*Asks:* 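The structure follows.
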Amino acid sequence: MMQNLNVSTHEAPSMGEPALQLVSSVRSFQRKDLLPLEPDSVWSIEQGIVRTLTWDEEGRTIGLGFWGQGDVLGLPLSPISPYQAECVTPVKVVKLSLEGRHLQEGLIRRARKSEELLTIVHQPSVAMRLLQLLEWLATHFGQPVPGGRSLDVLLTHQELAETISTTRVTVTRLLSQLEQEGKIERSQRNLTLLAPNS
C-alpha cells in the first residue's frame with residue numbers, strides 16, 4: 001500500500017552545481033512492496049530498508065544488496081535485467097532527477113556498499129559468508145547493545161540465502177551453529193551479533 005505525503009516539491013541548494021531536483025514528494029511503501037522503477041529517475045531512501053534483486057533463467061532469486069537511509073537506487077544505476085527493489089521494512093523515499101551533489105554522494109555510498117557485499121559473497125566458506133553478511137547488516141542497520149550489535153530487521157532465512165548464494169536449509173543450519181558457538185543470539189524480534197568474549 002503506498003500513499004503520497006508532503007505534496008510540495010523541493011529543491012536543494014546548488015552549492016555551485018546543478019540543483020538537485022526532487023521530482024516527487026515523499027512516498028511511503030510497506031514491507032514487501034516493490035518500488036516502481038523508471039529509466040530516467042532514481043529513489044533516495046529517507047527511512048527504512050530496501051533490498052534489490054534479480055533472478056536467473058531458472059527462476060532462482062539472486063539478492064543484489066540492501067540499502068538504507070541516504071542510499072539511492074533505480075534502473076539508471078544498474079545494468080542488471082530483470083531488476084526489482086523490494087521493501088524489507090516500511091520505507092519512505094523521494095524520487096530524484098539524475099543530477100546534483102546529493103545524488104553524487106548517494107552514488108559514492110552505493111559503490112562502497114556494493115564492493116563490501118562483493119567481498120562477502122566471494123568468501124569460499126558459506127558459513128563465513130553468512131557471518132560476514134550478518135556483521136555487515138548489523139554495522140549498517142543495527143544498533144549497539146551491551147555485548148554486541150542488535151539487528152532488528154526481520155529478514156527471512158530465504159532472503160539471507162538469496163544474498164549469499166546458498167539454500168534456506170543451509171542458512172537455518174548455520175544460524176543454529178552460530179548460536180551454539182556464541183556468535184549470535186536470536187529472539188523472535190531480532191538477532192544480536194555478539195562481540196568476542198561477551
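Fair warning: this is a prediction, and the values are worked out from it, not measured in the lab.
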*Asks:* Can you tell me how far CG of N190 sits from CD of E185, rounded to the nearest 0.5 angstrom?
*Replies:* 9.5 Å
*Asks:* Please name the pair of heavy atoms, one in G142 and one in R149, separated by the smallest distance, quoted to 0.1 Å.
*Replies:* O-NH2, 2.9 Å
*Asks:* Considering only NZ, NE, NH1 and NH2 on the basic side and carboxylate oxygens on the acidic side, decide whether K32 and E159 come within less than 4.0 Å.
*Replies:* yes
*Asks:* Please tell me if the side chains of R186 and L191 come closer than 4.5 Å, counting only heavy atoms from C-beta onward.
*Replies:* yes
*Asks:* Determine whether F66 and V121 fall in the same hydrophobic cluster, where Ile, Leu, Val, Met, Phe, Trp and Tyr are linked whenever their side-chain heavy atoms lie under 4.5 Å apart.
*Replies:* no
*Asks:* Say you draw a straight line from CG of L174 to CE of M128; how long is it, rounded to the nearest 0.5 Å?
*Replies:* 11.5 Å
*Asks:* Please walk me through it: do L160 and L137 pass side-chain contact (heavy atoms from CB on, under 4.5 Å)?
*Replies:* CA-CA 11 Å; L160 293 170; L137 288 166; 4.0 Å; yes
*Asks:* Does CZ belonging to R31 count more than 12 external heavy atoms closer than 6.0 Å?
*Replies:* yes
*Asks:* Determine, using the 4.5 Å side-chain heavy-atom cutoff (strictly less than), whether I45 and L151 are members of one ILVMFWY cluster.
*Replies:* no
*Asks:* CG/L178 to CG/L131 distance, rounded to the nearest 0.5 angstrom?
*Replies:* 5.5 Å
*Asks:* Atom OG1 of T170 and atom CG of L130: how far apart are they, to the nearest 0.5 Å?
*Replies:* 10.0 Å
*Asks:* One pair to check against side-chain contact (heavy atoms from CB on, under 4.5 Å): L73 and R110. What are the steps and the verdict?
*Replies:* CA-CA 8 Å; L73 59 91; R110 180 184 176 86; 3.6 Å; yes
*Asks:* Set out, in order, the CA-CA distance, both residues' side-chain angles and the distance that settles side-chain contact (heavy atoms from CB on, under 4.5 Å) for R27 and K92, then state yes or no.
*Replies:* CA-CA 6 Å; R27 294 183 66 182; K92 290 184 179 178; over 6 Å; no
*Asks:* In chain order, what residues pass the salt bridge (charged side-chain N to carboxylate O under 4.0 Å, His left out) check against E162, with sequence neighbours excluded?
*Replies:* R51
*Asks:* Starting at CD of Q84, measure out to CG of L64 and round the result to the nearest 0.5 Å.
*Replies:* 10.5 Å
*Asks:* In this structure, are over 12 heavy atoms from other groups packed under 6.0 Å from E181 atom CD?
*Replies:* yes
*Asks:* CD1/I62 to CH2/W55 distance, rounded to the nearest 0.5 angstrom?
*Replies:* 10.5 Å
*Asks:* So that I can tick it off, tell me whether D71 and R109 are bridged by a salt bridge, with the cut-off set at under 4.0 angstrom between side-chain N and carboxylate O.
*Replies:* yes
*Asks:* May I ask whether V153 and W67 are part of the same hydrophobic cluster, defined by side-chain heavy atoms of I, L, V, M, F, W, Y residues being less than 4.5 angstrom apart, directly or through others?
*Replies:* no
*Asks:* Looking at T89, V88, L35, which one forms a side-chain contact (heavy atoms from CB on, under 4.5 Å) with V50?
*Replies:* L35
*Asks:* Going by heavy atoms in the side chains, are W136 and F141 under 4.5 Å from each other?
*Replies:* yes
*Asks:* Could you please spell out the steps behind the side-chain contact (heavy atoms from CB on, under 4.5 Å) verdict for L117 and L133?
*Replies:* CA-CA 8 Å; L117 283 169; L133 176 62; 4.0 Å; yes
*Asks:* Can you find a heavy atom in the side chain of L175 that is under 4.5 Å from one in the side chain of H157?
*Replies:* yes
